[in-house]
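Below: the structure, in structure tokens.
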Amino acid sequence: MNKDIFLTNNLINKKEKFVPINKKKIGMYVCGPTVYDDPHIGNARPLIIFDILFKILKCKYGKASINYVRNITDVDDKIIKSAQENNISISDLTKKVIKNFNEDCEFLNCEAPSEQPRATDHIDLMIKMISELITKDFAYENNDHVYFKVNKFNDYGKLSNKKVKDLIAGSRVDVSENKKNPEDFVLWKPSIKDEPYWESPWGKGRPGWHLECSAMSKKFLGNEFDIHGGGIDLLFPHHENEIAQSRCANDTKVFANYWVHNAFITMSNEKMAKSQGNILKIKDFRDKINGQVLRLALISAHYKQPLDWNDKLLKDCKNTIEKWYSVYLSLKAPSKIPDEILLPLYDDLNTPGYIANLHKLFDKANNGIDNDKKIFVSACNFIGILNETKTEWLDFKRKKSLISEKDILKKIELRNKARENKNYKEADKIRDELLEKEVLIEDKDGKTLWKIK
RNA sequence: GGCCACGUGGCGGAAUGGUUACGCAGAGGAUUGCAAAUCCUUCCAUCCCAGUUCGAUUCUGGGCGUGGCCUCCA
């Protein structure tokens, strides 16, 4: 499509036209999971949002032009703590969580990114970056720690709209005796006791939290690249610190040009947090709800808006997809999606607008013309919906059925006999029994059809 | 306290300087033994107060309210 892509850029807090540095080599870096616990439904939101952005960019600039990097943070205080609490080794923990994460991605029908680098494979690059920062006097060592000098970087706070003096005034920043200034943040810290460590010029230790993204984005995307994404919570301090490190180490005016952040999910209007006990793991949905339903639910609000997760949302999305499958047909090749349909996605990933367009395409497809159906299914496929065949969709529901197919057919036969005898009371009773087992009966054109709710 | 976002029908949720998408729910109808599903028709909304304007839900200012970040978080 010849239209421009627009994105809300948190660097300026405005929507603006996306202009790539090099349209044949577009770089997008998205902060992936810290693998201390299984991914939850909140983690799924950026996975899907940036998966769709990946698709849009490929659509406009060509498949081979996009380099989408999503890291895995496998060294972190939370991981150490979680491993201790669960009494397993750090590598067993990260291995397990990474496996679950990858399965979740597949379940949610997210395409694999171009690269999925791990922090622990890039410690050498981080050490190199710290050394450069020290050489350039943007960082200092003190008592086996290395800190970044925040006051040496004039643009600090530009992304998150914060003033350093406000941060100190709030005095919420971590105060440490080793820091020269309270706002400084750690680049390297010593390992104590059984903590994992790497050898470095500053002794045995491990990198600070923010450094891995600076090191890995540099490796895969260069010193300056196009898009950096993640959850809104990462805006500060994580992304602010990344910018400071990277620009100072690389001597650049720019790190990423566009900063895109997704809002949070709430659970029945409450913040989703471990302390609230309302974390829903993605893997716990796998047998209950089709991944497509979760996907549709997660894009039912614009990515910048908070999204409330509740039963009605899931029910509505399930019914929608159920309805949409009524015009499903398998495609040999995707049809061209009309520009006016695609337009909302180009305009800052307006997924609700796109869904509205899908409803309009459905109405058209419902007239029975194959070409309209093909366009509709193609448009669904574009955002990763209706990716399964109708059989697969039905099989998923059958798997969790409370009654066997044989028994269902037996009941239907009994019911139809009752109907022939005009014993409608008995017929309705059987129908209610089936409904209790989530089997829905439809009498259509003299035949009785059934489906799992 | 500082910064940011948001306030649209019964609910969810887009967009817009001039008829306010779309979905769910509701109402009526077609169909059905009754339903279900489907189809057709239909009701319902821009937090408050000023300002700019021929005209504001949209822009500006103020107010009220909600949420987020400032500490680990997607």
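Quick note on labels: first sequence line is chain A, next is B, and so on, each numbered from 1.
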With sequence neighbours excluded, tell me which residues meet side chain to side chain donor-acceptor pair (under 3.5 Å) with A:Glu16. A:Asn9
Specify the residue among A:Lys315 and A:Asp443 whose closest nucleotide of RNA chain B lies further upstream toward the 5′ end. A:Lys315
Starting at the 5' end of RNA chain B and moving along, which residue's nearest nucleotide shows up first, A:Asn319 or A:Phe362? A:Asn319
Can you list everything that forms a side-chain contact (heavy atoms from CB on, under 4.5 Å) with A:Asp194? Sequence neighbours excluded, please. none
Strictly distance-based, threshold 3.5 Å: is any side-chain N or O of [X] a donor or acceptor partner for the main-chain N or O of [Y]?
{"X": "A:Asn350", "Y": "A:Leu345", "result": "no"}
{"X": "A:Lys179", "Y": "A:Asp184", "result": "yes"}
{"X": "A:Lys60", "Y": "A:Lys3", "result": "yes"}
{"X": "A:Asp226", "Y": "A:Gly27", "result": "yes"}
{"X": "A:Asn423", "Y": "A:Glu426", "result": "yes"}
{"X": "A:Asp445", "Y": "A:Lys447", "result": "no"}

Take the protein atom [atom1] of [X] and the nucleotide atom [atom2] of [N], then report the distance between them rounded to whole Å.
{"X": "A:His210", "N": "B:C72", "atom1": "NE2", "atom2": "C1'", "answer": "11 Å"}
{"X": "A:Asn9", "N": "B:C4", "atom1": "CG", "atom2": "P", "answer": "16 Å"}
{"X": "A:Lys444", "N": "B:A37", "atom1": "NZ", "atom2": "P", "answer": "11 Å"}
{"X": "A:Leu449", "N": "B:A37", "atom1": "CG", "atom2": "C1'", "answer": "9 Å"}
{"X": "A:Trp450", "N": "B:A37", "atom1": "CH2", "atom2": "P", "answer": "17 Å"}
{"X": "A:Glu240", "N": "B:U71", "atom1": "CD", "atom2": "P", "answer": "12 Å"}
{"X": "A:Lys304", "N": "B:G7", "atom1": "NZ", "atom2": "P", "answer": "11 Å"}
{"X": "A:Ile279", "N": "B:C72", "atom1": "CD1", "atom2": "P", "answer": "17 Å"}

What nucleic acid atoms does [X] come within less than 4.0 Å of, heavy atoms only: base, sugar-phosphate, or nothing?
{"X": "A:Arg415", "answer": "base"}
{"X": "A:Lys78", "answer": "sugar-phosphate"}
{"X": "A:Ile265", "answer": "base"}
{"X": "A:Leu440", "answer": "sugar-phosphate"}

Answer with yes or no whether A:Arg45 presents, from its side chain, a donor or acceptor under 3.5 Å of a partner atom in the base of B:A74. no
Could you tell me which residues satisfy salt bridge (Lys or Arg N to Asp or Glu O under 4.0 Å) with A:Arg45, sequence neighbours excluded, listed by chain and number? none
Using a cut-off of strictly less than 4.0 Å, decide whether [X] has a side-chain nitrogen or oxygen near OP1 or OP2 of [N].
{"X": "A:Asn161", "N": "B:C3", "value": "no"}
{"X": "A:Trp209", "N": "B:C73", "value": "yes"}
{"X": "A:Lys271", "N": "B:C69", "value": "yes"}

Select one nucleotide: of B:G33, B:A74, B:C70, the one nearest the side-chain heavy atoms of A:Asn43. B:A74
State which of B:A74, B:G2, B:U38 makes the closest approach to the side chain of A:Leu234. B:A74
Could you measure between the two [atom1] atoms, the one in [N] and the one in [M], and give it in whole Å?
{"N": "B:U8", "M": "B:G2", "atom1": "P", "value": "26 Å"}
{"N": "B:G7", "M": "B:A14", "atom1": "P", "value": "9 Å"}
{"N": "B:C44", "M": "B:C11", "atom1": "P", "value": "16 Å"}
{"N": "B:A5", "M": "B:U60", "atom1": "P", "value": "11 Å"}
{"N": "B:G61", "M": "B:C24", "atom1": "C1'", "value": "38 Å"}
{"N": "B:C49", "M": "B:C54", "atom1": "C1'", "value": "22 Å"}
{"N": "B:G13", "M": "B:A25", "atom1": "C1'", "value": "14 Å"}
{"N": "B:U53", "M": "B:C43", "atom1": "P", "value": "36 Å"}

Distances under 3.5 Å only, N/O to N/O: pair up the protein atoms with those of nucleotides 40-45 of chain B.
none

Scan A:Lys283, A:Arg286, A:Lys281 and name whichever one has a salt bridge (Lys or Arg N to Asp or Glu O under 4.0 Å) with A:Asp104. A:Arg286
Would you mind telling me which of A:Tyr29, A:Phe54, A:Phe225, A:Phe220 makes a ring pair (Phe, Tyr, Trp, His ring centres under 6.0 Å) with A:Tyr68? A:Phe54
Let's go through A:Val97 and A:Tyr36 carefully: what are the C-alpha distance in whole Å and the side-chain angles of both, what is the deciding distance for side chain to side chain contact (heavy atoms under 4.5 Å, CB included) to 0.1 Å, and is it a yes or a no? CA-CA 7 Å; A:Val97 176; A:Tyr36 68 104; over 6 Å; no
Distance col, row A:Ser246:OG vs A:His239:NE2, nearest 0.5 angstrom, shows 10.5 Å
NE2 on A:His359 to OH on A:Tyr354, rounded to 0.5 Å: 12.5 Å
I'd like to check, for A:Phe264, whether its ring lies over the base of B:G68 with centroids under 5.5 Å apart and a plane angle smaller than 30°. no
What stems show up for RNA chain B when you take Watson-Crick pairs (N1-N3 plus N6-O4 or O6-N4) and G-U wobbles (N1-O2, O6-N3), both under 3.5 Å, and require three or more consecutive pairs? B:1-7 with B:64-70, B:10-12 with B:22-24, B:26-30 with B:38-42, B:47-51 with B:59-63
Nucleotide by nucleotide, 5' to 3', does protein get under 4.0 Å of the base (B), only the sugar-phosphate (S), or neither (-) in nucleotides 13-23 of chain B, counting heavy atoms? SSS-----BSS
